Number of protein chains: 2
Amino acid sequence: MLTIGKLGQQAGVKVPTIRYYEQIGLLPEAERSAGNQRLYSRKSLERLAFIRHARDLGFTLEAIRDLLSLSDRPDQSCAAADAIAKAQLAEVESRLARLTALKAELERMVLQCAGGRIADCRVIEVLGDHSLCATDHSHPEPELSS
Amino acid sequence: MLTIGKLGQQAGVKVPTIRYYEQIGLLPEAERSAGNQRLYSRKSLERLAFIRHARDLGFTLEAIRDLLSLSDRPDQSCAAADAIAKAQLAEVESRLARLTALKAELERMVLQCAGGRIADCRVIEVLGDHSLCATDHSHPEPELSS
DNA sequence: CTTGAAGCTATAGTTGCTAGAGACATTAGG
DNA sequence: CCTAATGTCTCTAGCAACTATAGCTTCAAG
Ligand SMILES: [Zn+2]
Ligand SMILES: [Zn+2]
Ligand SMILES: [Zn+2]
Ligand SMILES: [Zn+2]
């Protein structure tokens, strides 16, 4: 059995984060020692490592909650899990597209500035006027699904 | 003079967001009409458009606060403004690198899954074991706003 | 047996908004 | 001029996913 500190070390997750995951029901309530300290099994470590890895891949806690409950039913079809992963891939691709446009625009700004006074600064000028931009990088509207 | 609603329309910023910007001191306190409603000048619109554009380019409100106060001193050197933009570019580049790795990993996961039971699902398997990953995507992501 | 690290709970703060309640102001139509 | 609809006001709370603080208790080493 592991203390919360050891568990955190082994999974690469900070101690308060583990308690937070328990609080929101992503991890089950831990066993307690005689002195009321949390104790974790090897299985808890696996579950936490799963969460950590999914977080590293950008999944939301809600998606992870679903993935965990799916992984608890090994005989069911994995279609739902695959759908979650595909949605995450789509999300990453759309962010990537947006960031690529941002990068181009920021590079242009930085390169065009000759480095004089604020009054002549291309950075300030472009920030004040999107029509000086080459790309469209406006915030995507929240999509209203029927 | 514009009401807050007109200002919001023209700048592409929602009304509560404008009030929020005022509250945190990013916009100065607005003039008020006889009936206590906020009134804005053409200058306010420029300032708000600046903020909006900088947000669209991913700058934090803190960075925007600095950029705004720089733009109020047109005779000073623009080095500080350029530095902020360069830092933002670096930030975007690092996110881009990370997201590119995530995309590759998610694509691998999704492609490798043959689509059977959860017990054999490659998505679930890889999420449980980072050593099955081809790339290193360790550090968490500072979620870019919507 | 003492001391310092590690653990406990509970609360509040972070970023950048967004949503709601309940009251007042303004405007267009009849 | 009255009314209904919209717009605006303040205030509060909520979202994600933690992180930090305060003030305790418990544990392990020396
Ligand atoms: Zn410059
Ligand atoms: Zn632009
Ligand atoms: Zn699968
Ligand atoms: Zn991995």
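Since the structure is predicted, the reported quantities are computational estimates derived from the model, not experimental observations. A, B, ... follow the sequence lines: proteins, then strands. Residue 1 opens every chain.
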>> Under 4.5 Å side-chain heavy-atom separation, chaining through any Ile, Leu, Val, Met, Phe, Trp or Tyr, what else clusters with Leu111(A)? Say none if it is isolated.
In response: none

> Using a side-chain heavy atom cutoff under 4.5 Å and only I, L, V, M, F, W and Y, what cluster partners does Met1(B) have?
Replying inline: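 Besides Met1(B), the hydrophobic cluster comprises Leu39(B), listed by chain and residue number.
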
Residues that [X] engages under side chain to side chain donor-acceptor pair (under 3.5 Å), provided they are two or more places apart:
{"X": "Glu105(B)", "answer": "Arg108(B), Thr135(B)"}
{"X": "Ser41(A)", "answer": "Ser44(A)"}
{"X": "Arg32(B)", "answer": "Asn36(B)"}

> Any side-chain N or O of Arg55(B) under 4.0 Å from OP1/OP2 of dC17(C)?
Replying inline: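 Arg55(B) to dC17(C) OP1/OP2: side-chain N or O found under 4.0 Å.
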
Could you give the side-chain donor-acceptor pairs of residues 3-27 of chain A under 3.5 Å, partners two or more places apart or in another chain?
from: Thr3(A); atom 1: OG1; to: Lys6(A); atom 2: N; distance (Å): 3.3
from: Glu22(A); atom 1: OE1; to: Arg38(A); atom 2: NE; distance (Å): 2.9

>> To the nearest 10°, give me the bend of the helix from dC1(C)-dG30(D) to dG30(C)-dC1(D), comparing the axes of its five terminal pairs at either end.
In response: 0°

>> Test: ring pair (Phe, Tyr, Trp, His ring centres under 6.0 Å). Region: residues 81-136 of chain B. Which pairs qualify, not counting sequence neighbours?
In response: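 Every pair satisfying ring pair (Phe, Tyr, Trp, His ring centres under 6.0 Å) with a residue in residues 81-136 of chain B: His53(A)-His130(B), His130(B)-His137(B).
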
Identify every side-chain donor-acceptor pair in residues 115-126 of chain A under 3.5 Å, counting partners at least two apart or on other chains, and give the distances.
from: Arg117(A); atom 1: NH1; to: Asp75(B); atom 2: OD1; distance (Å): 2.7
from: Arg122(A); atom 1: NE; to: Gln112(A); atom 2: OE1; distance (Å): 2.5
from: Arg122(A); atom 1: NH2; to: Gln112(A); atom 2: OE1; distance (Å): 3.1

Could you pull out the protein-nucleic contacts involving nucleotides 20-23 of chain D (nitrogen or oxygen on both sides, under 3.5 Å)?
none

> Which residues within residues 31-40 of chain B lie with some heavy atom under 4.0 Å of an atom in DNA chain D?
Replying inline: Arg32(B), Asn36(B), Gln37(B), Arg38(B)

Show which side-chain atoms of residues 80-92 of chain A pair as donor or acceptor with protein atoms under 3.5 Å away, not counting sequence neighbours.
from: Gln88(A); atom 1: NE2; to: Leu57(A); atom 2: O; distance (Å): 3.1
from: Gln88(A); atom 1: NE2; to: Gly58(A); atom 2: O; distance (Å): 3.1
from: Glu91(A); atom 1: OE2; to: Arg95(A); atom 2: NE; distance (Å): 3.2

